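A short write-up of the structure that comes next.
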Amino acid sequence: SQTIHQWPATLVQPVGSPLSLECTVEGTSNPNLYWYRQAAGRGLQLLFYSVGIGQISSEVPQNLSASRPQDRQFILSSKKLLLSDSGFYLCACTGLIIAGELFFGEGSRLTVL
Amino acid sequence: GQQVMQIPQYQHVQEGEDFTTYCNSSTTLSNIQWYKQRPGGHPVFLIQLVKSGEVKKQKRLTFQFGEAKKNSSLHITATQTTDVGTYFCAGLDNYGQNFVFGPGTRLSVLP
């Protein structure tokens with residue numbers, strides 16, 4: 001079965017500082033990968049998705065960027081964090097059993113002060 | 001663009017009562033999915049519906065896809081404290097590449 005590792009689990013950063021969140025996937029090859037953000041008590045907003053190495057699609061204009069340097073590695077970055085970047089960031093990949101199923105990592109909780 | 005709405009936003013029930021959350025899309029959907037997120041946790045896939053009027057059951061959970069494929073519901077019979085969490089629907093329309101999530105319904109179950 002597949003496993004998603006996300007780190008760090010929790011992060012507190014000052015405004016203007018850089019950000020790097022990492023996600024790695026095991027147990028599958030060539031997955032579609034996704035970054036979602038969830039504001040407190042809110043739904044899931046798709047930020048980026050990738051269908052292959054070096055292929056990134058952005059869903060919303062923002063202060064963040066994503067990269068996929070390897071098949072099972074997905075990185076979310078920012079050069080200068082804003083207060084509005086606070087939230088719960090979730091990495092997801094396509095499931096193995098049902099087409100379209102999303103399999104989520106445990107998330108990274110970011111607080112920007 | 002496609003919008004997915006859910007009602008209610010919050011629901012508090014006594015243990016043993018039934019619970020229903022409704023999902024409505026602004027466009028006709030090809031698929032709809034349901035996820036559950038426990039407090040402090042991450043969303044976990046529950047089910048996917050594809051056919052118009054489809055009904056699927058998982059123990060005490062019943063999922064339904066509307067005839068027009070623009071709405072869906074999740075019904076929990078005789079809620080238990082383990083049902084606590086936020087239930088999200090996610091819809092894929094005929095033109096989209098990715099599922100759009102609704103805002104979720106947060107369920108509290110009082111023992």
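Model, not experiment: these values are computed from the prediction.
Side-chain atoms of B:S52 come within 3.5 Å of backbone atoms of B:E67 as a donor-acceptor pair (strictly under, hydrogens ignored). Using a distance-only test at 3.5 Å, with no hydrogens or angles considered, no donor-acceptor pair links the side chain of B:T105 to the main chain of B:Q9. The backbone N or O of A:L102 lies less than 3.5 Å from no partner atom in the side chain of A:Y34, so there is not a single donor-acceptor pair. Side-chain atoms of B:D83 never come within 3.5 Å of backbone atoms of B:V109 as a donor-acceptor pair (strictly under, hydrogens ignored). Looking at B:Q58, its side chain does come within 3.5 Å of a backbone N or O of B:L46 through a donor-acceptor pair. A donor-acceptor distance shorter than 3.5 angstrom exists from the side chain of B:R38 to the backbone of B:T82, with no hydrogens or angles considered.
When heavy atoms are compared at a cutoff of 4.5 Å, B:N31 does not approach chain A at all. Proximity to chain A (any heavy atom under 4.5 Å) is shown, for B:F99, by both the backbone and the side chain. Only the side chain of A:Y36 comes within contact range of chain B, with at least one heavy atom under 4.5 Å from a heavy atom of that chain. For A:L46, the part sitting under 4.5 Å from any heavy atom of chain B is the side chain, from C-beta outward, and nothing else. Of the atoms belonging to A:F104, heavy atoms from both backbone and side chain fall under 4.5 Å from chain B. For A:Q38, the part lying near chain B is the side chain, with the backbone staying farther off; criterion is any non-hydrogen pair under 4.5 Å. For B:Q6, no part lies near chain A; criterion is any non-hydrogen pair under 4.5 Å.
Using a 3.5 Å distance cut-off with no hydrogens or angles, the side chains of B:Q33 and B:Q48 do pair a donor with an acceptor. If you check the side chains of A:S50 and A:R68, you find a donor sitting under 3.5 Å from an acceptor.
Using a 4.5 Å cut-off between non-hydrogen atoms, no part of residues 68-79 of chain B approaches chain A. Along residues 69-78 of chain A, no residue comes nearer than 4.5 angstrom to chain B, judged on non-hydrogen atoms.
Under the 4.5 Å side-chain contact rule for hydrophobic residues, A:L19 and A:I56 share a cluster. Follow the hydrophobic side-chain contacts under 4.5 Å out from A:L90 and you reach A:Y49 in the same cluster. Under the 4.5 Å side-chain heavy-atom criterion for Ile, Leu, Val, Met, Phe, Trp and Tyr, B:V13 and B:Y87 are members of the same hydrophobic cluster. Hydrophobic clustering of Ile, Leu, Val, Met, Phe, Trp and Tyr side chains at less than 4.5 Å, counting indirect connections, keeps B:V50 apart from B:F45. No continuous path of ILVMFWY side-chain contacts below 4.5 Å connects B:F101 to B:V4, so the two sit in separate hydrophobic clusters.
Both tests do not hold together for A:R37 against A:Y89: distance to the six-membered ring centre under 6.0 Å, angle to the ring axis within 45°.
No other option in A:S57, A:G105, A:A92, A:G107 has as many heavy-atom pairs under 4.5 Å with chain B as A:G105. Among B:G40, B:P43, B:G104, B:G41, the residue making the largest number of heavy-atom pairs under 4.5 Å with chain A is B:P43.
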